[in-house]
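Here's the structure we're looking at; comments come further down.
Here the structure is a predicted model, which means the values were calculated and not measured. Hydrogens, waters and symmetry mates play no part in the numbers below; they use all other heavy atoms, side chains included.
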Amino acid sequence: MRDAYHEELDSIGDSLVEMARLVGSAIGRATTAILDTDLKLAESVIEADKKVDELQHDLEARAIALLARQQPVATDLRIVVTSLRMSADLERSGDLAQHVAKLARLRFPERAVPHDLHATILEMGQLAQRLMAKAAEVIVTKDVDLALQLEQDDDEMDLLHRTLFQHLIDDRWKHGIETAVDVTLLGRYYERYADHAVAVAKRVVYLVTGEHADELQQQEIPPVAGTGTGTGTGAGTGVEGA
């Protein structure tokens with residue numbers, strides 16, 4: 001009975017990894033679809049999201065059954081509850097990739113992204129895919145240091161998002177209101193997708209340590225002792241330099 005219980009816990013983890021890999025592929029393909037005005041590819045991304053939804057529903061059912069049958073405590077309870085939350089983040093990531101594909105379909109055969117923003121959107125799509133690939137790796141390895149890096153990586157997405165917004169408010173914008181709305185939505189989709197990847201990684205940190213990522217990062221910034229500087233709290237070095 002106990003072996004079967006732990007096998008079920010492991011299978012929940014396997015489902016999370018599969019979801020992460022599916023939604024990572026989805027955002028990459030959706031980006032290609034919107035930049036290349038590839039209707040067939042956009043449709044395939046939209047259709048494939050059903051698989052992600054099915055995986056989440058199945059994971060939820062198994063997790064709830066485990067809670068009811070086994071009444072786990074301590075670490076096992078943390079695994080089940082955290083897995084449920086991660087599955088919700090991953091499912092939402094799949095929805096965001098689907099939104100990108102749906103925008104490509106809506107504007108076909110026209111381009112939703114002006115040529116001068118092509119490179120920025122491409123970079124956002126590639127970064128989103130890398131972030132989710134790293135989140136999948138964190139789920140597998142339970143590597144806390146790698147998980148904590150994702151929030152720093154997400155700063156790149158925030159910068160790209162701001163760059164996109166600067167184009168939209170520039171007086172030289174010449175692509176019209178409809179395109180401005182499309183680009184605004186796209187930027188939001190990628191930015192939120194990255195946030196969900198970071199959230200998954202943070203939940204792994206909690207699963208492994210029992211502490212929230214923000215609290216753990218604060219603990220790892222050592223106080224500066226014996227220096228005469230009034231501002232020497234370690235805040236300028238961060239975890240990466242520790």
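The distance from atom CD of Glu123 to atom CE of Met157, rounded to the nearest 0.5 Å, is 9.0 Å. The line from CD of Glu60 to OG of Ser83 is 11.5 Å long, rounded to the nearest 0.5 Å. We find the CD-CD1 distance between Gln98 and Ile46 to be 6.0 Å, quoted to the nearest 0.5 Å. Distance NE2/His196 to CD/Glu91: 9.0 Å, rounded to 0.5 Å. Expressed to the nearest 0.5 Å, how far CD of Glu7 lies from CD1 of Ile12 amounts to 12.5 Å. Interatomic distance, CD of Glu54 versus OG of Ser15, reported as 12.0 Å (0.5 Å rounding).
Considering only heavy atoms from C-beta on, His99 stays 4.5 Å or farther from Leu185 through its side chain. In this structure, the side chains of Glu151 and Lys202 come closer than 4.5 Å at one or more pairs of heavy atoms. Inter-residue side-chain proximity for Glu18 and Leu22 is flagged as met; some heavy-atom pair is nearer than 4.5 Å. Side-chain contact between Pro109 and Leu39: absent, with no pair of heavy atoms (C-beta onward) separated by less than 4.5 Å. Counting heavy atoms from C-beta on, the side chains of Val113 and Asp182 never come closer than 4.5 Å. The side-chain heavy atoms of Val144 and Val204, taken from C-beta on, include no pair separated by under 4.5 Å. Leu96 places none of its side-chain heavy atoms less than 4.5 Å from the side chain of Arg188. A heavy-atom distance below 4.5 Å is not found between the side chains of Asp38 and Phe108.
Nearest approach of Arg203 to Thr82, heavy atoms of both residues: O-CG2, 3.3 Å. Counting all heavy atoms, side chain and backbone alike, Ala194 lies closest to Asp154 at CB-OD1, 3.2 Å. Between Leu16 and Ser87 the shortest heavy-atom distance is CD2-N, 3.7 Å. The minimum heavy-atom distance between Val183 and Pro114, with the atom names listed, is CG2-CD, 4.0 Å. When all heavy atoms are compared, the tightest approach of Thr179 to Ala112 is CG2-O, 3.8 Å. The nearest pair of heavy atoms linking Gln71 to Ala68 is CG-O, 4.0 Å.
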After noting the C-alpha distance and the side-chain angles of Glu211 and Val205, does the key distance pass the side chain to side chain contact (heavy atoms under 4.5 Å, CB included) rule? CA-CA 7 Å; Glu211 298 184 72; Val205 172; over 6 Å; no
Intermediate values then yes/no, salt bridge (charged side-chain N to carboxylate O under 4.0 Å, His left out), Arg107 and Glu110: CA-CA 5 Å; Arg107 297 303 174 213; Glu110 302 298 325; over 6 Å; no
Verify side chain to side chain contact (heavy atoms under 4.5 Å, CB included) between Leu77 and Leu67, making sure each step is shown before the conclusion. CA-CA 8 Å; Leu77 178 60; Leu67 289 171; 3.6 Å; yes
With side chain to side chain contact (heavy atoms under 4.5 Å, CB included) as the criterion, how do Asp95 and Val52 come out once you've worked through the C-alpha distance, each side chain's angles and the decisive distance to 0.1 Å? CA-CA 9 Å; Asp95 287 345; Val52 177; over 6 Å; no
Using side chain to side chain contact (heavy atoms under 4.5 Å, CB included), reason through Arg192 and Ser93 one step at a time and then give a plain yes or no. CA-CA 8 Å; Arg192 289 299 298 144; Ser93 299; over 6 Å; no
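With sequence neighbours excluded, the residues forming a ring-ring contact (aromatic ring centres under 6.0 Å, His included) with His175 are Trp173, listed by chain and number.
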Donor-acceptor contacts under 3.5 Å from residues 127-143 side chains, at least two apart:
| from | atom 1 | to | atom 2 | distance (Å) |
| --- | --- | --- | --- | --- |
| Lys134 | NZ | Asp153 | OD2 | 2.6 |
| Thr141 | OG1 | Glu137 | O | 2.9 |
| Thr141 | OG1 | Asp143 | N | 3.3 |
| Lys142 | NZ | Ile139 | O | 2.6 |
| Asp143 | OD1 | Asp145 | N | 3.1 |
| Asp143 | OD1 | Leu146 | N | 3.0 |

Distance-only donor-acceptor hits, side chain of residues 29-37, under 3.5 Å, sequence neighbours excluded:
| from | atom 1 | to | atom 2 | distance (Å) |
| --- | --- | --- | --- | --- |
| Arg29 | NE | Ser25 | OG | 3.2 |
| Arg29 | NH1 | Ser44 | OG | 3.1 |
| Thr31 | OG1 | Ile27 | O | 2.7 |
| Thr31 | OG1 | Tyr190 | OH | 2.7 |
| Thr32 | OG1 | Gly28 | O | 3.2 |

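Residues Val45 and Leu55 do not share a hydrophobic cluster, clusters being chains of Ile/Leu/Val/Met/Phe/Trp/Tyr side chains in contact below 4.5 Å. No chain of hydrophobic side-chain contacts below 4.5 Å, direct or via other Ile, Leu, Val, Met, Phe, Trp or Tyr residues, connects Tyr189 to Leu41. In the hydrophobic clustering of ILVMFWY residues, with side-chain heavy atoms under 4.5 Å counting as a link, Val208 and Val81 come out together. Note on Ile64: it does not cluster hydrophobically with Met86, by side-chain heavy-atom contacts below 4.5 Å among ILVMFWY residues. When the side chains of ILVMFWY residues are joined at heavy-atom separations under 4.5 Å, either directly or via intervening members, Leu106 and Ile121 end up in a single hydrophobic cluster.
Annotation: Ile169, atom CD1; neighbour count of heavy atoms from other residues, nucleotides and ligands within 6.0 Å is above 12. At most 12 heavy atoms of other shown residues, nucleotides or ligands fall within 6.0 angstrom of atom CZ in Arg21.
Using a 4.0 Å cut-off between a side-chain N of Lys or Arg and a carboxylate O of Asp or Glu, Arg85 and Asp89 do not qualify as a salt bridge. A salt bridge is absent between Asp53 and Lys50; no separation between the charged side-chain nitrogens and carboxylate oxygens falls under 4.0 Å.
Under the side-chain contact (heavy atoms from CB on, under 4.5 Å) rule, Leu117 has a single partner from Thr163, Leu122, Leu164, which is Leu164.
Put simply, the side chain of Arg105 never gets that close to the backbone of Ala42: no donor and acceptor are under 3.5 Å apart. Tyr193 places a side-chain N or O within donor-acceptor distance of the main-chain N or O of Val23, the cut-off being under 3.5 Å.
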